[in-house]
There are 2 protein chains.
Amino acid sequence: MTQPGPIPRRTIQRFSRYLRELERLERDGVETTSSAELGELVGAGDAQVRRDLAFFGQLGQRGVGYSVKTLIEALRATLSLNHEWRVVLVGAGNVGRALCTYKVFRERGFRIVALFDNDPRKEGLTWARLKVQPMRELKKTVREQGIELGVIAVPPEAAQDVADQLVAAGVRGILNFAPARVRVPPGVQVCSADLAVEMEQLAFLVANADRQVPQRSNQRR
Amino acid sequence: MTQPGPIPRRTIQRFSRYLRELERLERDGVETTSSAELGELVGAGDAQVRRDLAFFGQLGQRGVGYSVKTLIEALRATLSLNHEWRVVLVGAGNVGRALCTYKVFRERGFRIVALFDNDPRKEGLTWARLKVQPMRELKKTVREQGIELGVIAVPPEAAQDVADQLVAAGVRGILNFAPARVRVPPGVQVCSADLAVEMEQLAFLVANADRQVPQRSNQRR
DNA sequence: TAGATTGTTAATCGATTAACAATC
DNA sequence: TAGATTGTTAATCGATTAACAATC
């Protein structure tokens, strides 16, 4: 039976990882896999994998395993990765430049189609075929280009203001790289890639490697 | 009473966010705060904040609140942010370049003191006063420079190999930007900054904004 | 004292894991 | 049939929240 209720966040994150490993298996010509193998690849238990995949209904075959192809299709559909996502990037700094050319986004169907910065000295610069545009053009561009997602790569003091402008422009989801909390109205989604938090967590774990429960840390064994 | 047992990961992450907001309060001349205010700032409930802070023992004053200064000290000590962390960065690509000059790391006491890449064409390049070194010098540099943390910013296929080399060189913690799982022996810590997973999660949430439980998403309201 | 806010307990919620019958 | 592996239930674990006595 298909699992009822909304899919937990952690499950979604594992979906991304399953998909990535499955695509590799497919490239290697593997046609069938098992919950144990998949778990091993992403660092999860077999029961966990089966439970996650149960959200798709009964996709596996008892005694046999799962079809790699079927799983890939189900995961792509669930993660909405068939459709190409149009993305606007705000912030033409160091992080912004790296993201403009970030291959992993592009491969997954995330297309950065516009680039904004409020610094007039940067206006007109071209990175990866994208002209840096001034913020006043944001709304128009989002509408005309059918942009659904925004990425914030500006200093923390400016993050909330940029988020507000993105929301006003009609963006439906925001990936926030600024080390600051941004608030958005209901219906708009925010995910945060807070590198400082990750790094500080790492420092804590290293400093307390003995005191804390050993391992099971980030990815389980 | 001080909370017993190891500090949960989520609590550590909130510690980073509390600290950031507290430092801002301090800059603004605020001397006292409350669990309600702090919760509002980082997007957590007041009970959550009190429970987190209880790991430090009884730091607050009933009826009054918490001293900003005292909290900052406790958080800095717990997160081991007094001590300066020496970091090696592997991967002189787009992501690597952004990280070399990433102000947020530097402000928090993370110093990138060496840069490596296995591409001989990049050898000798200088970014942010760091010369790109060949991998064969990794072990020596880590030892001589007293480096404790490593950052992986290479393509996914190379990530595990780089991780192995970092571990062999004596690094105690790894921040992995490659969209791939890396395994490390017990005693070495790994945190992952998997931008693809974050972006795909965002896409899923946007695509299912109606079906999924509204909000409470990443940061709670 | 009255009002505010902590520290902590108990209740709740959610996610993971173990176990095993179902079935290929 | 025997061996393998799923789908699912129940048990466990861990983290969050509500509530309130303690106390400034």
Side-chain angles (χ1 to χ4, degrees), chain A residues 1-15 17-18 22 30-68 70-71 74 201 212-213 215-221, chain B residues 1-15 17-18 22 30-68 70-71 74 201 212-213 215-221:
Chain A
M1 252 284 298
T2 310
Q3 289 287 102
I7 307 181
R9 243 171 204 248
R10 308 287 280 280
T11 297
I12 303 296
Q13 291 174 0
R14 282 189 297 268
F15 279 173
R17 299 183 215 272
Y18 296 146
L22 286 162
V30 178
E31 291 186 356
T32 305
T33 187
S34 67
S35 55
E37 183 182 36
L38 214 38
E40 175 62 21
L41 288 171
V42 308
D46 57 333
Q48 176 90 85
V49 174
R50 289 198 297 281
R51 176 149 273 247
D52 284 345
L53 299 182
F55 278 103
F56 301 130
Q58 305 200 8
L59 228 53
Q61 259 202 303
R62 289 166 198 241
V64 178
Y66 300 89
S67 148
V68 170
T70 308
L71 238 38
Q201 191 184 175
Q212 290 282 304
V213 184
Q215 278 315 85
R216 168 117 343 187
S217 44
N218 185 34
Q219 20 240 90
R220 40 155 294 164
R221 62 134 297 113
Chain B
M1 254 284 298
T2 311
Q3 289 287 101
I7 307 181
R9 245 173 202 245
R10 308 288 280 279
T11 297
I12 303 296
Q13 290 173 0
R14 282 188 297 268
F15 279 172
R17 299 183 215 271
Y18 296 146
L22 285 162
V30 177
E31 291 185 358
T32 305
T33 186
S34 67
S35 56
E37 182 182 36
L38 214 37
E40 175 63 21
L41 288 171
V42 307
D46 57 333
Q48 176 89 85
V49 174
R50 289 198 297 280
R51 175 149 274 246
D52 285 345
L53 299 182
F55 278 102
F56 301 130
Q58 305 200 9
L59 228 54
Q61 258 201 304
R62 289 168 199 242
V64 178
Y66 300 90
S67 148
V68 171
T70 308
L71 277 186
Q201 192 185 174
Q212 290 281 306
V213 184
Q215 277 316 86
R216 168 119 342 190
S217 47
N218 184 37
Q219 21 238 93
R220 39 157 293 166
R221 61 137 301 109

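Lettering follows sequence order; numbering is per chain, from 1. This structure is a prediction, so every number in the text was calculated from the model and none was measured.
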**Student:** Using whole Å, what does the distance between atom P of nucleotide D/dT5 and atom CG of A/L71 come to?
**Tutor:** 15 Å
**Student:** Using atom CD1 of A/I12 as one end and atom P of C/dA15 as the other, report the distance to the nearest whole Å.
**Tutor:** 11 Å
**Student:** State, yes or no, whether a side-chain contact exists between A/L38 and A/L22 at a heavy-atom distance under 4.5 Å.
**Tutor:** yes
**Student:** Name the one of A/E40, A/Q48, A/R50 that satisfies side chain to side chain donor-acceptor pair (under 3.5 Å) with A/S35?
**Tutor:** A/R50
**Student:** Side-chain contact test, heavy atoms from C-beta onward, threshold under 4.5 Å: evaluate it for B/L53 versus B/L59 and give yes or no.
**Tutor:** no
**Student:** Search all heavy atoms of B/P6 against all heavy atoms of B/F55 and return the closest pair with its distance.
**Tutor:** O-CE2, 4.2 Å
**Student:** Think A/S35 has a side-chain N or O under 4.0 angstrom from the OP1 or OP2 of D/dT6?
**Tutor:** yes
**Student:** When the nearest nucleotide of DNA chain C is assigned to B/L53 and to A/Q48 on a heavy-atom basis, which residue is associated with the more 5' position?
**Tutor:** B/L53
**Student:** Taking only side-chain N and O atoms of B/R14, does any of them lie within less than 4.0 angstrom of OP1 or OP2 on D/dT16?
**Tutor:** yes
**Student:** Side chains of A/L71 and A/Y18: does their closest heavy-atom pair fall under 4.5 Å?
**Tutor:** no
**Student:** What closest approach, in Å, do B/R14 and B/D52 show between heavy atoms, and which atom pair accounts for it?
**Tutor:** NE-OD2, 2.6 Å
**Student:** Nearest-Å distance, CZ (B/R10) to P (C/dG14)?
**Tutor:** 13 Å
**Student:** Please state whether the phosphate of D/dA4, meaning OP1 or OP2, lies under 4.0 angstrom from any side-chain nitrogen or oxygen of A/Y66.
**Tutor:** no
**Student:** How many whole angstroms separate atom CG of A/D52 from atom C1' of C/dT17?
**Tutor:** 12 Å
**Student:** Could you state the CD1-C1' distance from B/I7 to D/dT16, rounded to the nearest angstrom?
**Tutor:** 17 Å
**Student:** Could you tell me how far apart B/F15 (CZ) and D/dA15 (P) are, to the nearest whole angstrom?
**Tutor:** 13 Å
**Student:** How long is the span from the CZ atom in A/R10 to the CD atom in B/Q201, to the nearest 0.5 Å?
**Tutor:** 10.5 Å
**Student:** Do nucleotides 18-24 of chain D as a string where each nucleotide becomes B, S or -: B if the base has a protein heavy atom under 4.0 Å, S if just the sugar-phosphate does, - if no protein is that close.
**Tutor:** BB-BBBB
**Student:** Please enumerate all residues that pass ring pair (Phe, Tyr, Trp, His ring centres under 6.0 Å) together with A/F15, with sequence neighbours excluded.
**Tutor:** A/F56
**Student:** Output the pairing pattern of DNA chain D as a dot-bracket string, 5' first, Watson-Crick or G-U wobble with both distances under 3.5 Å, | for cross-strand pairs, [ ] for crossing pairs.
**Tutor:** ..||||||||||||||||||||||
**Student:** Take the protein atom CG of B/L59 and the nucleotide atom P of C/dT8, then report the distance between them rounded to whole Å.
**Tutor:** 12 Å
**Student:** In this structure, how many angstroms lie between the P atom of D/dT8 and the CG atom of A/D46, rounded?
**Tutor:** 16 Å
**Student:** Say you draw a straight line from OG1 of A/T70 to CD of A/Q61; how long is it, rounded to the nearest 0.5 Å?
**Tutor:** 9.5 Å
